[in-house]
*Asks:* 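If you scroll down you'll find the structure; I have some questions about it.
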Amino acid sequence: MPPGFGRYDATTTMILRPPMAPKKPRYWLVKSEPDVFGFADLAAAPGATTRWDGVRNHQAKLFLRDGMQAGDGVLYYHSNADPSGVAGVAEVVGDAYADPTQFDPASPYFDPKAKPAAPTWFARDLRAVAALSRFVPLAQLKAAGKLASMAVVQRGSRLSVTPVTPLEWREVRRLGGL
DNA sequence: GCCAACGTTGGC
DNA sequence: GCCAACGTTGGC
């Protein structure tokens, strides 16, 4: 090992890993009932973008607020549908912000305990990227060995926002013809 | 529409 | 802090 190696190494590390290095994309699955707001509704929205609000589960909130990053990939899943399954791909737009519905007494998502100075619930904006060429029904997700660990195929799974691994992301897209 | 699986609420 | 009751989710 040459003299001065440590200093050289420190310098290269600075160059190869600058403080502003882009973050690795993460992947998620969100559930929505197509009778309420399906992937087609998202694609037809202004800018193909909508506010993802009304999440009232703390675990899902943490994924939404702290896990998601702008640009992350999102699998758009239709729940309570015939059949249920993944309909399209979306992306995370911008940063998390306080969910305004928690402060709105007229909203079904109103939370009387929530304080504007310290919001309880958070929202994100999601933008439709592409419908799957082939809808991927839940039965197909369950039959795919690579997807056995996905939250959505687990019995009794109710979380409306769940993480997806890069491998799962690629496999669902492949099954969907993207 | 049924009902299993969860999460939350509230009495104690 | 326990836990029964209740409400909701979501597959089927």
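Numbered from 1 within each chain, the chains take letters A, B, ... in sequence-line order.
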*Asks:* For the pair made of CG in Leu159(A) and C1' in dT8(C), what is the distance, rounded to whole Å?
*Replies:* 13 Å
*Asks:* With respect to the side chain of Lys113(A), which nucleotide from dT9(B), dG7(B), dG11(C) is positioned closest?
*Replies:* dT9(B)
*Asks:* Please work out if Ser160(A) contacts a base, only the sugar-phosphate, or nothing of the nucleic acid, heavy-atom cut-off 4.0 Å.
*Replies:* nothing
*Asks:* For Asp82(A) and dG10(C), what is the distance between atoms CG and C1' respectively, to the nearest whole Å?
*Replies:* 13 Å
*Asks:* Is there a side-chain contact between Phe63(A) and Leu159(A) in this structure, where contact means two heavy atoms from C-beta onward sitting under 4.5 Å apart?
*Replies:* yes
*Asks:* Please compare Gly156(A) and Arg56(A) by the position of their nearest nucleotide in DNA chain B and report the one closer to 5'.
*Replies:* Gly156(A)
*Asks:* Using whole Å, what does the distance between atom P of nucleotide dG11(C) and atom CE of Met150(A) come to?
*Replies:* 13 Å
*Asks:* Report yes if a side-chain nitrogen or oxygen of Ser84(A) is closer than 4.0 Å to either non-bridging phosphate oxygen (OP1 or OP2) of dG10(C); otherwise report no.
*Replies:* no
*Asks:* Output, in order, the C-alpha distance, side-chain angles, deciding distance and verdict of side chain to side chain donor-acceptor pair (under 3.5 Å) for Tyr97(A) and Asp125(A).
*Replies:* CA-CA 9 Å; Tyr97(A) 54 95; Asp125(A) 290 344; 2.6 Å; yes
*Asks:* Please report the distance, rounded to the nearest Å, between NE2 in His58(A) and C1' in dT8(C).
*Replies:* 16 Å
*Asks:* Atom CG of Asp35(A) and atom C1' of dG11(C): how far apart are they, to the nearest Å?
*Replies:* 15 Å
*Asks:* State whether Lys31(A) places a side-chain N or O below 4.0 Å from either non-bridging phosphate oxygen (OP1 or OP2) of dT9(C).
*Replies:* no
*Asks:* With nearest nucleotide decided by heavy atoms, which residue, Ser157(A) or Asn80(A), maps closer to the 5′ end of DNA chain B?
*Replies:* Asn80(A)
*Asks:* Looking at dC12(C), dG7(B), dG10(C), which one has an atom nearest to any side-chain atom of Lys142(A)?
*Replies:* dC12(C)
*Asks:* Does a side chain donor of either Thr101(A) or Arg56(A) reach within less than 3.5 Å of an acceptor in the other side chain?
*Replies:* yes
*Asks:* Less than 4.0 angstrom between a side-chain N/O of Tyr77(A) and OP1 or OP2 of dT9(C), yes or no?
*Replies:* no
*Asks:* Would you indicate whether Arg170(A), at its atom CZ, is surrounded by more than 12 heavy atoms from other residues, nucleotides or ligands within a distance under 6.0 Å?
*Replies:* no
*Asks:* Taking the inter-plane angle between the rings of Trp52(A) and Tyr76(A) on a 0 to 90° scale, is it parallel (under 30°), tilted (30 to 60°) or perpendicular (over 60°)?
*Replies:* perpendicular
*Asks:* Calculate the interatomic distance between Leu62(A) atom CG and dG7(B) atom P; express it in whole Å.
*Replies:* 14 Å
*Asks:* Mind calculating the distance between CD (Glu33(A)) and C1' (dC12(C)) to the nearest angstrom?
*Replies:* 15 Å
*Asks:* Tell me: CG of Asn57(A) to P of dG10(C), nearest whole Å?
*Replies:* 10 Å
